[in-house]
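Index from 1, following the sequence.
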Amino acid sequence: AENLCNHVHTEKREMYAASILESTENINSLINSVLHFSKLEYAECKKKETPYDCIALIRELLPALQTDEKQCNVRIEGTCMIRADKDMMRHVFTNLLENALKYSPEGAEILISAEKKRLTIRNPFQGTLKSDGKTLCKPFEKGDTARTDRSGHGLGLAIAQRILQQYRYQLKVQHADGVFTVIIRF
């Protein structure tokens, strides 16, 4: 910010402004995630449970999450009727899909499969993860940030798990042989 006050070229000024904006957005995202997690941790959120097909919700979310930056092939199989607050589950699925898209290599296939009371999201990833699946679901726990130029705050899986627990649903995260798998049992 100090550099913006100095007499610098327009290009550098734009670069400094972009850097400040990116940092501000990152901090805002972290604050919102911490607040959301805190609400889930210390108070039961009001739930508006309705029955719906979670695969239909995933299909609705995907176009906004897929970017031109990296192309992945998303294959979706099956259906799965659940009873939950659609807005809360939108948050869960957005996080899980963003992770799968973010950490998959260019051109990879992400498989989303559903059957009766189980949803599986499976994607390849490059690199190694230092943490096991249970640890990755803890607040502020991150995988190996060296595998991507994007990093999160380590709250997404913790928030997703907490939301699912409110419905007595189970989240299981596992990784082996370059494949990351998330299983939700409804």
Neighbour count above 12 (heavy atom, 6.0 Å) for Lys117 NZ | yes

Rounded to the nearest 0.5 Å, how far apart are CG of Leu136 and CD of Gln174?
->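 Rounded to the nearest 0.5 Å, the CG-CD separation comes to 12.0 Å.
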
To the nearest 0.5 Å, how far apart are SG in Cys54 and CZ in Arg83?
->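 Output value for this atom pair is 15.0 Å.
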
Quick one, [X] and [Y] - any side-chain contact, counting heavy atoms below 4.5 Å?
{"X": "Ile112", "Y": "Thr120", "result": "no"}
{"X": "Gln165", "Y": "Gln170", "result": "no"}
{"X": "Phe125", "Y": "Ser104", "result": "no"}
{"X": "His91", "Y": "Ile163", "result": "yes"}

Determine whether Leu96 and Tyr52 fall in the same hydrophobic cluster, where Ile, Leu, Val, Met, Phe, Trp and Tyr are linked whenever their side-chain heavy atoms lie under 4.5 Å apart.
->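 Linked within one cluster.
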
Any salt bridge (Lys or Arg N to Asp or Glu O under 4.0 Å) pairs touching residues 50-64, not counting sequence neighbours?
-> Glu60-Arg90

Begin from the C-alpha positions of Leu171 and Val92 and carry the test side-chain contact (heavy atoms from CB on, under 4.5 Å) through to its verdict.
-> CA-CA 10 Å; Leu171 176 69; Val92 169; over 6 Å; no

Over all heavy atoms of both residues, which pair between [X] and [Y] is shortest? Give the atoms and the distance, please.
{"X": "Glu109", "Y": "Arg75", "answer": "OE1-NH2, 3.1 Å"}
{"X": "Pro105", "Y": "Cys72", "answer": "O-SG, 3.8 Å"}
{"X": "Ile55", "Y": "Glu77", "answer": "CD1-O, 4.5 Å"}
{"X": "Cys80", "Y": "Lys116", "answer": "SG-O, 2.9 Å"}
{"X": "Asn95", "Y": "Ala160", "answer": "OD1-CB, 4.5 Å"}
{"X": "Met89", "Y": "Ala84", "answer": "CG-CB, 3.6 Å"}

Between the side chain of Lys102 and the main-chain N/O of Leu97, is any donor-acceptor distance below 3.5 Å?
-> no

Taking Lys48 for its side chain and Lys86 for its backbone only, find out whether a donor-acceptor pair lies under 3.5 Å.
-> no

In sequence, state the C-alpha distance, the side-chain angles, and the governing distance for Gln66 and Val74, and then conclude on side-chain contact (heavy atoms from CB on, under 4.5 Å).
-> CA-CA 10 Å; Gln66 290 178 307; Val74 179; 3.3 Å; yes

Scan the side chains in residues 176-185 for donor-acceptor partners under 3.5 Å anywhere in the protein, sequence neighbours excluded, and list what turns up.
{"from": "Thr181", "atom 1": "OG1", "to": "Arg122", "atom 2": "NE", "distance (Å)": "3.4"}

Checking side-chain contact (heavy atoms from CB on, under 4.5 Å) for the pair Leu111/Ile121: CA distance, chi angles, key distance, verdict?
-> CA-CA 6 Å; Leu111 174 62; Ile121 301 173; over 6 Å; no

Under the ring-ring contact (aromatic ring centres under 6.0 Å, His included) test, residues paired with Tyr169 that sit two or more places apart =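 Once residues adjacent in sequence are excluded, the partners of Tyr169 under the ring-ring contact (aromatic ring centres under 6.0 Å, His included) criterion are Tyr167, Phe186.
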
